[in-house]
There are 2 protein chains.
Amino acid sequence: MSAPSDPVIRPPDRPLRADAARNHAAILAAARAALEADGPDVALEEVARRAGVAPSTLYRRFAGRDELVAAVLEDYVAESVEPLLARAAAVDDPWTALTGVLEGLVDGVTRHRGLLTAAKAVGAFTPELAARTLAPLGELLRRGQAAGVVRADLEPTDLLVVVHMTVVTAEHDSRRWPRYLNLLLDGMAARRG
Amino acid sequence: MSAPSDPVIRPPDRPLRADAARNHAAILAAARAALEADGPDVALEEVARRAGVAPSTLYRRFAGRDELVAAVLEDYVAESVEPLLARAAAVDDPWTALTGVLEGLVDGVTRHRGLLTAAKAVGAFTPELAARTLAPLGELLRRGQAAGVVRADLEPTDLLVVVHMTVVTAEHDSRRWPRYLNLLLDGMAARRG
DNA sequence: CTCGAAGTGGGAGTGAACTGTCGGTTGAGT
DNA sequence: ACTCAACCGACAGTTCACTCCCACTTCGAG
């Protein structure tokens, strides 16, 4: 019942060996690509194939599908979403900041539908992860409402819902989502008195 | 290589025997229920179990998963969607007719997410099926535009997109979709002035 | 009511697709 | 040069789609 070389619980002090780190990164990249190309249910075998490693190696790095998807998601958020949110926070005009971040989110997510679907399926959206994006998003919303350009009854989660709504339109026509986002933005703008 | 008793290609002149027809209906009903309860990937074995028939009977009635899902979808459209469209066509006020049908569609589809997901996965949305709903929908849209209450640049497929957008909000909170539909309807109404 | 045909049950079985594990081997780091 | 982390390939085990078979039941035409 001991753990001879437990792949999951890894002492954070000892760094990965060079080749192991390479594989780790290759698997993450391969998983992201595979989720897009082959859908949210890709076989881990296929991910391993794309990464150029044996399936057993994948299982040594990640305990299973859940952990792999969670890692890919974490990777994506840290690399794409958070910088976007940070840039938006630096924009002066609240409306521009808000629409810009929504456009950026939709644009990114439409290119990672497979990942997001898989993440939902395995429950990779932890409260912590959600909070990390909702907090800055809520701040943008608050600024817009304070400036009187955004409807007062909107909540931070509404913004995620709006992103989700816009993203699904890409299934019908991948190039017309700005049209539908504008439809929603129309509804979100404060009513002119 | 001959076909001793080919289960799929059935002479359309000879009707099903009473018990066979019963099973056919039971399987369709069971499949619909199973798709909701167990998700779009339910095992056909499970469907057969729910229907109270042997797996072999299911395969005798339907060639495979694709055909079963297509039949369930066809059934659903004929039974729920088309009557709804027909009722809306009889409503006098164009705006009421349009919003009513959109609400009805969303309400129905949110209760059949599994079916719709499965249908998408197996490509059961044939152009013919789409046309059967798009034609009446387009007519409702045309009436609204003629009356000047709906934005002129909307197209029939936009209405399906709007339904889809609204339906996905149910994943976040199953009871708040009217809120988001209203957001969209705001954007769809003709600009006053 | 009778009888042939249509339909069914259920089990055994094939093959494919995956997940996850094991033991021997390689090569990175010291 | 030596050792152990990390690798690979093979494989056990599962699940599921779909097929085949045949004795049995049920239907419905005459």
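In what follows, every chain begins at residue 1, and chains take the letters A, B, ... in the order their sequences are listed.
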Does a side-chain N or O of [X] approach OP1 or OP2 of [N] to a distance below 4.0 Å, or not?
{"X": "T57(B)", "N": "dG9(C)", "value": "yes"}
{"X": "R60(B)", "N": "dT19(D)", "value": "no"}
{"X": "N23(A)", "N": "dA6(D)", "value": "no"}
{"X": "R17(A)", "N": "dG27(C)", "value": "no"}
{"X": "R65(B)", "N": "dC18(D)", "value": "no"}

message: Taking the minimum atom-to-atom distance to the side chain of L16(A), which one of dT21(C), dC16(D), dA6(D) wins?
response: dA6(D)
statement: Quick note, L44(A) side chain, CB onward, closest among dC8(D), dA28(C), dT19(C) is dT19(C)
task: Map D19(A) and A43(B) onto DNA chain D by nearest heavy atom, then report which one ends up closer to the 5' terminus.
output: D19(A)
Once you round it to whole Å, what is the distance between [atom2] of [N] and [atom1] of [X]?
{"X": "L58(B)", "N": "dT8(C)", "atom1": "CG", "atom2": "P", "answer": "11 Å"}
{"X": "Y59(A)", "N": "dC8(D)", "atom1": "OH", "atom2": "P", "answer": "15 Å"}
{"X": "F62(A)", "N": "dG20(C)", "atom1": "CZ", "atom2": "P", "answer": "14 Å"}
{"X": "D38(A)", "N": "dA17(C)", "atom1": "CG", "atom2": "P", "answer": "13 Å"}
{"X": "R49(A)", "N": "dG9(D)", "atom1": "CZ", "atom2": "P", "answer": "13 Å"}
{"X": "H24(B)", "N": "dT8(C)", "atom1": "NE2", "atom2": "C1'", "answer": "16 Å"}
{"X": "D41(A)", "N": "dC16(D)", "atom1": "CG", "atom2": "P", "answer": "14 Å"}
{"X": "E45(B)", "N": "dG9(C)", "atom1": "CD", "atom2": "P", "answer": "14 Å"}

task: Could you check whether the rings of H172(B) and H164(A) sit parallel, tilted or perpendicular, using 30° and 60° as the cut-offs?
output: perpendicular
Can you find a pair of side-chain heavy atoms, one from [X] and one from [Y], that are under 4.5 Å apart?
{"X": "V72(A)", "Y": "F62(A)", "answer": "no"}
{"X": "L185(B)", "Y": "L102(B)", "answer": "yes"}
{"X": "R32(A)", "Y": "D75(A)", "answer": "yes"}

Sugar-phosphate, base or nothing in reach of R22(A), heavy atoms under 4.0 Å: nothing
message: Counting distance alone, no hydrogens or angles: does the base of dG9(D) have a donor or acceptor under 3.5 Å from a partner atom on the side chain of S56(A)?
response: yes
message: Applying the side-chain contact (heavy atoms from CB on, under 4.5 Å) criterion to V91(A), which one of T99(A), L140(A), T96(A) satisfies it?
response: T96(A)
